[in-house]
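Just so you know, these numbers use all the heavy atoms, side chains as well, and skip hydrogens, waters and symmetry mates.
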There are 2 protein chains.
Amino acid sequence: MNLKELSSKLGLSPTTVSRALNGYPEVNEATRERVMAAAKRHNYHPNTRAIRLATGRAMAVGHVIPIATRHEIVNPVFADFIAGAGETYSRNDYDMVLSVVPDDQEENTYRGLKSKGNVDGVIVHAPKMNDPRIALLRDVGLPFVVHGRATGTALPYSWLDVNNRRAFQRATEFLLDLGHLRIGLVNGLEFMDFAIRRRTGYVDALTQRGIAIDPPLMSSDEMTEVAGYRAARTMLNLSAPPTAFLVASMISGMGVRRAVEERGLAMGRDISVIIHDDDLSYMKNGEDLPIFTATRSSVREAGRLTAEMLLELIAHPDIGPQNRLLEAELIIGQSTGPAPRP
Amino acid sequence: MNLKELSSKLGLSPTTVSRALNGYPEVNEATRERVMAAAKRHNYHPNTRAIRLATGRAMAVGHVIPIATRHEIVNPVFADFIAGAGETYSRNDYDMVLSVVPDDQEENTYRGLKSKGNVDGVIVHAPKMNDPRIALLRDVGLPFVVHGRATGTALPYSWLDVNNRRAFQRATEFLLDLGHLRIGLVNGLEFMDFAIRRRTGYVDALTQRGIAIDPPLMSSDEMTEVAGYRAARTMLNLSAPPTAFLVASMISGMGVRRAVEERGLAMGRDISVIIHDDDLSYMKNGEDLPIFTATRSSVREAGRLTAEMLLELIAHPDIGPQNRLLEAELIIGQSTGPAPRP
DNA sequence: AATCGCCTTCAAACCGCTTTGGATGGCGCA
DNA sequence: TGCGCCATCCAAAGCGGTTTGAAGGCGATT
């Protein structure tokens, strides 16, 4: 059942039927109702492909997922972010199209998405320092919103981010207030923007309290269980081991816990641990009482909001760059306590 | 730059240019090369929306992700599966469109996808027992492949699955061979098809060795860290606690480990644990030597293969249902050992 | 009665490609 | 020389909608 069939069945022109269904004013209300009823009765759904060609809009948003050719980590945060963004798209009748491409193909992919007209805009994931994608997308002329920010980028652009610096600064202060003086940082890869900011927060807090930065207490690696374990184990083996850890993610945190317990230490008593909790649905930080003390910010909510921002940008291309900074909350769990007396 | 412009620039008809670019035989090789060169020079990319309308194909595959209105768990396995499937789509110039919808909208979503022509086929995730989606999709006439199977479905349909029953049967036998007689099953939700099959494998192995099934040693819940912890703790509190656990996932396994260590027991010595390892990129089971003994099967590879199967089905609608059963391998890690003598 | 203007409706162009059904011209062959 | 065939190219008709420009009908105005 297509428009032509439906309109001839109704004894109307396709023009009128189309207008009736799309809520245009220049159609008699009685006619509109007749059309609506017939559309429902015949289960008429306009063909998306035709709409897209006719309107010149793709009614779709792209997410490009680069697969690193070296270490093929699929960001675990990704699923929840996508779920959040997807909710927004569904509500607004947009499609979400995912492109999984080798990372050396990312630029081509963006250009292709634009020139082939597959999408009306894109969301940029996991920005790095001086991320080239921002200039690229600006150049290409594809509306975009960055989930995160890219330190070093001069051009204005739209982004939504968590205040990572502040979150880790507060967390560090919290540990300092508990009397911890040697705090190990188990960070993500520090070419990632969020990791840079978290480190800055950590360093700032220590510096403000006049505590010297000790490089062996700062590690940076993939946010996996194994990497977290390894980093924590290495630090615990130092002659002056840390009494607390500040950890980049829930998953890294499980690795840290493994290292701590393997050593016969008790988390929350011998060693304090604070993680950043993305509030992943499959990786809840405990139930009523959190396992880990954590800086928490829902990445799913971030997905919803980022997508909304992008749709706004697509609808009003002239509003200019939008920005939004979310604050993480500090959740007190069982993994922190006063520094043990030496 | 569109086809008309390009063709007039070349002094050729759109027909010929289109044919030249699409490799049709009725065009002079010299002409073809001239066209190809011009297309590259002017950076011509045919408009996807137009191609789709003209050919009647969407060149896209749908993945419907139902968001349970009650417990909003985003399947953690999902990201890797998607990454795998996405690789296949990219290679074949297909788009992957994700629909995140409330689970009571799933049926409507499939019908809409078909009638609006957004996709050429779909992949069905997380099949349940007697899954209604199979009959629905057959009825709707949308090509589909199920990742997993649906016990209780009489109709033939295409699927790709891991031999879950066999994997858990072997794992159970492995534990029995180590002398474990009381083995706790920390299963996923048992309305999920894979969980049913795993349980069957577990039960079969015990039964064949003449060991009675003890219901308190079988649990079924969401595959989260917390649920795993809770299940293991409950079983360890039994008057006759298990000496080994068979666990549905890496994440549940971390919870089990927490419960084990909280009790002052050592994994691999006091308690043996076998998990199922989906080989998630962000959740590797250790590095050279695995943390957990595991039944392993890459869900990412499953994504690749399932997508290939679907594209095959779309290209040749008449080949009929395709099936493929993958075997999981048993990986020996540090988490298993002989049953402690009573 | 003629004109104006509004409310409805419609025919046709258009979006940018594919594909059908010719046309054209050169060449081999009788 | 004439004919048929093949290689090559093209005009035009879709695909299924949206949108522009125009027109018919009718009450109100003059």
Of Ile314(B), Leu313(B), Asn323(B), which is the lone residue that meets side-chain contact (heavy atoms from CB on, under 4.5 Å) with Val145(B)?
-> Leu313(B)
What does Ile51(A) touch in the nucleic acid at a heavy-atom separation under 4.0 angstrom: a base, only the sugar-phosphate, or nothing?
-> sugar-phosphate
Using distance alone, with no hydrogens and no angle criterion, decide if Thr15(B) and Ser18(B) have a side-chain donor and acceptor under 3.5 Å apart.
-> no
Examine dC9(D): is either OP1 or OP2 under 4.0 Å from a nitrogen or oxygen in the side chain of Asn28(B)? Give yes or no.
-> no
Between Thr31(B) and Asn22(A), the residue closer to the 5' end of DNA chain D by nearest nucleotide is Thr31(B)
Hey, does Thr15(B) reach any base, or is it just sugar-phosphate, or nothing, if we go heavy atoms under 4.0 Å?
-> base
What nucleotide, of dG17(D), dT8(D), dT18(C), holds the atom closest to the side chain of Leu3(B)?
-> dT18(C)
Base of dT20(D) paired with side chain of Arg19(A) (donor-acceptor, under 3.5 Å) = yes
Asn47(B) versus Asn2(B), side-chain donor and acceptor atoms under 3.5 Å = no
Of the candidates dT8(C), dT18(C), dG16(C), the side chain of Glu26(A) sits closest to dT8(C)
Describe the nucleic acid contact of Gly117(A) in one word from base, sugar-phosphate, nothing, applying a heavy-atom distance below 4.0 Å.
-> nothing
Check every atom of dT18(D), dG17(D), dT9(C) against the side chain of Asn47(A) and return the nucleotide holding the closest atom.
-> dG17(D)
Nearest-Å distance for atom pair CG/C1', residues Asn2(B) and dT18(C) = 14 Å
Going by the angle between their ring planes, with limits at 30° and 60°, are His147(A) and His125(A) parallel, tilted or perpendicular?
-> perpendicular
When the distance from CG of Leu12(B) to P of dA7(D) is rounded to whole Å, what number comes out?
-> 19 Å
Protein-nucleotide distance (Arg57(A), atom CZ; dG17(D), atom P), rounded to Å | 15 Å
Return no unless some side-chain N or O of Thr55(A) is found under 4.0 Å from OP1 or OP2 of dT19(D).
-> no
Side-chain N or O of Ser13(A) less than 4.0 angstrom from OP1 or OP2 on dC10(C)?
-> yes
Nucleotide dT18(C), atom C1' - distance to CG of Leu6(B) in whole Å | 15 Å
Within the 6.0 Å centroid threshold, strictly below: His63(B) and Phe78(B) = no
Salt bridge (charged side-chain N to carboxylate O under 4.0 Å, His left out) between Arg111(B) and Glu107(B): does it pass, once the steps are laid out?
-> CA-CA 6 Å; Arg111(B) 292 193 185 280; Glu107(B) 175 168 345; 3.2 Å; yes
Value in whole Å for how far the P atom of dG16(D) lies from CD of Glu5(A) = 9 Å
Look at the side-chain N and O atoms of Tyr24(B) and state whether any lies under 4.0 Å from the OP1 or OP2 oxygen of dT19(C).
-> yes
Separation of Lys4(B) atom NZ from dC15(C) atom P, in whole Å?
-> 6 Å
Please report, rounded to the nearest Å, how far the P atom of dG17(D) is from the NZ atom of Lys116(B).
-> 13 Å
The nucleotide from dT8(D), dC10(D), dT19(D) with an atom nearest the side chain of Ser18(A) is dT19(D)
Could you tell me whether the side chain of Arg49(A) has a donor or acceptor atom within less than 3.5 Å of a complementary atom in the base of dT18(C)?
-> no
Under-4.0 Å side-chain N/O to phosphate OP1/OP2 contact, Tyr44(B) with dG16(C) | no
Could you give the CD-to-C1' distance, from Glu29(B) to dA7(D), as a whole number of Å?
-> 12 Å
